[in-house]
Asks: 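Encoded as structure tokens, here's the structure I'll be asking about.
Quick note on labels: first sequence line is chain A, next is B, and so on, each numbered from 1. The analysis underlying the following values was restricted to heavy atoms, covering all of them including side chains, and did not include hydrogens, waters or symmetry mates.
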Amino acid sequence: MAAPMKVVSLTLAPRLITYRFQLFVSFSRNRHHLSVAGTNCNIKYDGMVSGSDARLKPNKCQFRARILLRCHSGLLKERKCWKCGSETNNVSELFFCNCGVIQSIPSDISYFQAFGFKPDFSLDTEALSRSYKELQRNIHPDKYNQRNEELEMAAEQSSFINKAYFTLLKPFSRGLYLLEILGEKIDEETAYVDQDFLLHIMEINEELSEATDKKQVEKIEEENSVELKKCVDELSETFNKGDIQQAKATLIRLKYFENIDDKVKAFYRRSMG
Amino acid sequence: MAMIRNLGNILKPTLERIVAPQVALYHKNVIDHYENPRNVGSLDKNDKNVGTGLVGAPACGDVMKLQIMVDENGKIIDAKFKTFGCGSAIASSSLATEWVKGKSIDEAVAIKNTDIAKELCLPPVKLHCSMLAEDAIKAALKDYKIKNDPEKQKATASV
């Protein structure tokens, strides 16, 4: 029943992994069953391919998306502590070796991994904030003023953590980042022709730009927050299903609603003087 | 004390030279169109002689509406726009309305985003704003043509 073993060479997103893996993929067409095992890594994936994926030809991109959603922390390269020379655990000793010395940031780490999360859209932002504050407390460059070797690493880590945190905090930038990990992006060429949607956005913008009354703006804000929430829920679902194209379309809508939200906030700032 | 107060005046020209390039992120042509946009407004989109183009930039969430009014000789006699987006997008669409006015529909089709970008001296990261303006012109012309195509009209009338 199983189709012959296929060897697929995968180039994973640069920020996650910088080297190539040879993956053995066996693909049974009838049962849409996919199993993946890495030769020089510990990726293992064994599971059903969802309907939308199964219709596609088993090419690089399609497998990439599914596999990346399944595997996380275990993928980092092995590292040695620069000071004591012992091998460091790339999850629990990501920032500090057990000997207490700060480590330089691995180049192949994703923003999600930095905080110990799976690359997943639905993430607990409160846990993220807690993790961020805790990390920044420990790696703040001011603490390493007297230690030249570590100061540079601390500064590098601190700036990386800042970037990672602010990318993951807001739904749009988080979604965009996740999309990038999965090998997709939203650029100027991305066609968006849903005229009804654009018309709707145009109308909200017009109403907002002409609004003078706070109540009017509050109403717009209220309706907009419903739309924002709808988009975020939809994104959690589509990313979870691995439906990248749908996630992309929702992300674009989210961007428009986030822009409106920014304008509402700007209105409040102006009205407060 | 007086010396300290004078210090500001002495340094002023130097400081301005240092600070100015950081402030002037946009070229003066962009700022001109941004501060005094031409042809802002709307035309009646149900008018047979009006073509409406509505386009969006997914990457930045900008939305642009450009409308043209065409007379019986196929000449664009009026153009209006409304853009919600960055300064470059507003300037690009403002300039686009200026350029299409007085042109025939065939001439207007030939307006290229590179011409708009050149006129406004847009930096590479803002080139897509001029592309959006070009798309808006094309969409408006297409809408006008569809509205005035006898074949299509018959089709919609029979539906």
Asks: Are there more than 12 heavy atoms of other residues, nucleotides or ligands under 6.0 Å from atom NZ of B/K118?
Replies: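 Atom NZ in B/K118 is not packed in, count stays at 12 or less.
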
Asks: Mind checking side chain to side chain donor-acceptor pair (under 3.5 Å) for B/S93 and listing every partner two or more places apart, or none if nothing turns up?
Replies: B/T83

Asks: For chain A, find its close neighbours in residues 69-79 of chain B: heavy-atom separation under 4.5 Å, sorted by number, or none.
Replies: none

Asks: Can you tell me how far apart SG (B/C60) and CD1 (A/I186) are? Round to the nearest 0.5 Å.
Replies: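 One finds 11.0 Å between SG of B/C60 and CD1 of A/I186.
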
Asks: Do any of residues 199-212 of chain A come closer than 4.5 Å to chain B, heavy atom to heavy atom, and if so which ones, in number order?
Replies: A/L199, A/I201, A/M202, A/N205, A/E206, A/S209, A/E210

Asks: Atom CZ in B/F84, atom CD1 in A/I260: separation rounded to 0.5 Å?
Replies: 9.5 Å

Asks: Which residues pass the side chain to side chain donor-acceptor pair (under 3.5 Å) test with A/Y165, not counting sequence neighbours?
Replies: A/S129

Asks: Measure the spacing between CG of B/D62 and CG of A/L198 and express it to the nearest 0.5 Å.
Replies: 11.0 Å

